Protein chains: 2
Amino acid sequence: MKQPVKDKIVFTALVLFYEQGIHHTGINQIIEASDVAKASFYHHFPSKDDLVDECLRQYGAIIADQIRSLVAESGDLDTLIRNWVARIKAGIVDTASYHGCPVANMRFSLMLDSDQNIREKFSAVIDSWADILDAFIETLKKDGRIAHTIVTRQLARRMIHIYQGAVVMWKLTGDTTYFDDLIDIAHELVGPPK
Amino acid sequence: MKQPVKDKIVFTALVLFYEQGIHHTGINQIIEASDVAKASFYHHFPSKDDLVDECLRQYGAIIADQIRSLVAESGDLDTLIRNWVARIKAGIVDTASYHGCPVANMRFSLMLDSDQNIREKFSAVIDSWADILDAFIETLKKDGRIAHTIVTRQLARRMIHIYQGAVVMWKLTGDTTYFDDLIDIAHELVGPPK
DNA sequence: GTCTATACATAGATAGAC
DNA sequence: GTCTATCTATGTATAGAC
């Protein structure tokens with residue numbers, strides 16, 4: 001059973017865009033690597049931007065799934081935080097293949113800060129992540145398994161915030177301890193148990 | 001008195017690289033905008049990479065100066081944090097010309113996470129920023145104007161960390177409240193006065 | 001140091017036969 | 001849907017006269 005052409009293209013693009021960045025990955029390379037004819041590519045994606053759009057959606061969904069499984073395996077906030085950092089660190093072990101958050105990378109590639117269209121697309125992705133964390137924390141609160149002083153949505157936002165910060169710091173310095181530091185920072189943000 | 005050719009090139013590059021990103025700014029555009037002959041450009045900068053290198057140094061120095069002046073006008077940690085965020089917000093008022101941290105932008109443009117050379121260059125810039133904050137916080141501690149539970153270097157690192165995180169979140173969502181949030185987050189990290 | 005002209009590669013995208 | 005060939009623009013960089 002052969003893989004549909006479109007799927008082959010997208011899969012290849014997801015890998016190459018993440019490894020090399022969007023602007024350093026040409027259409028020609030994607031076409032060659034996915035073993036597809038040039039005209040076939042343009043049949044499915046009228047322009048490179050359309051492919052980039054599709055990849056953004058996929059990256060967003062992939063991370064959302066990771067957050068979901070992270071939540072599923074964590075019974076409380078402390079465990080969530082530890083598992084979270086553990087996963088990140090595990091992903092960096094093979095340091096050559098880790099390049100940070102694919103969504104943030106893509107956002108920086110575009111570099112059009114005033115484009116409202118772009119803003120909405122990325123904003124939707126971030127919201128979808130925050131929603132998952134949000135729901136988890138809210139559940140903990142209802143079950144009385146958490147200090148009620150926590151502002152749910154705010155904590156969800158801040159977790160993503162400090163995560164993105166750690167990625168940038170790692171990219172800037174190569175220092176992986178910024179990820180370890182996430183545990184302490186997250187605990188400070190959660191505050192003392194009530 | 002006419003400006004040296006090299007300075008004109010660098011100044012133009014600093015502006016264009018920041019506005020458009022490195023890979024969306026061609027040598028030709030820089031040459032045209034700085035009103036210099038092509039051969040003159042290559043006389044001063046054998047390749048684009050050399051110009052990029054010079055710009056990184058300049059960006060780093062510019063931000064370092066901003067941090068220095070921020071420190072100079074702040075007598076305590078609380079004031080520093082407030083002034084810091086106030087300055088960022090002021091810079092975003094004209095939203096069309098703000099594009100986040102020029103050093104982080106440049107780092108994301110390069111996209112070569114395993115290149116040790118690049119890592120060292122950026123790391124040096126971040127260290128120079130941390131050094132300034134470090135010295136300031138250390139002084140406050142010695143003067144007894146701060147809770148001594150603070151780990152100086154760690155706090156300096158974390159301030160840069162959460163700042164970079166806020167920039168990314170802003171870039172991803174267009175939401176400027178992530179910068180306001182820096183005040184609360186920073187205070188949590190500083191902890192209660194002893 | 002500056003000028004014009006140009007080389008050379010790669011980018012994104014299209015044409016037209018099959 | 002696929003194939004090869006090609007268009008056109010742009011990118012980095014160099015040559016050679018002044």
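Just so you know, these numbers come straight off a predicted model, no measurement behind them. Sequence lines set the chain letters: A, B, ... in the order given, protein chains first and strands last, and positions in each chain run from 1.
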Could you walk me through whether Arg82(A) and Asp78(A) pass the salt bridge (charged side-chain N to carboxylate O under 4.0 Å, His left out) test, one step at a time? CA-CA 6 Å; Arg82(A) 289 187 190 288; Asp78(A) 184 64; 3.3 Å; yes
Does any non-hydrogen side-chain atom of Thr12(A) lie less than 4.5 Å from one of Leu16(A)? yes
Given atom [atom1] of [X] and atom [atom2] of [N], what is their separation to the nearest angstrom?
X	N	atom1	atom2	result
Leu51(B)	dA13(D)	CG	P	11 Å
His24(B)	dA9(D)	NE2	P	19 Å
Lys38(B)	dT10(D)	NZ	P	13 Å
His23(A)	dT10(C)	NE2	P	17 Å
Ile27(B)	dA9(C)	CD1	C1'	15 Å
His44(B)	dT2(C)	NE2	P	5 Å
Phe41(A)	dT4(D)	CZ	C1'	18 Å
Glu32(A)	dC3(D)	CD	P	13 Å

Let's see if you can work this out: which of [options] has an atom nearest to the side-chain heavy atoms of [X]?
X	options	answer
Ala37(A)	dT12(D), dG1(C), dC3(D)	dC3(D)
Val5(B)	dG1(D), dT2(C), dC3(C)	dT2(C)
His43(B)	dC3(C), dG12(C), dG1(C)	dG1(C)
Ala39(B)	dG1(D), dT14(C), dG16(D)	dG16(D)
Asn28(A)	dA11(C), dT2(C), dT6(D)	dA11(C)
Tyr42(B)	dT14(C), dG1(D), dT14(D)	dT14(D)

Angle class for the Tyr18(B)/His99(B) ring planes (parallel below 30°, perpendicular above 60°, tilted otherwise)? perpendicular
Between Ser47(B) and Asp50(B): side-chain donor-acceptor atoms closer than 3.5 Å: yes
OP1, OP2 of dT2(C) versus side-chain N and O of Ser40(B): anything below 4.0 Å? yes
Let me know which of Arg157(B), Arg158(B), His161(B) forms a side chain to side chain donor-acceptor pair (under 3.5 Å) with Asp181(A). Arg158(B)
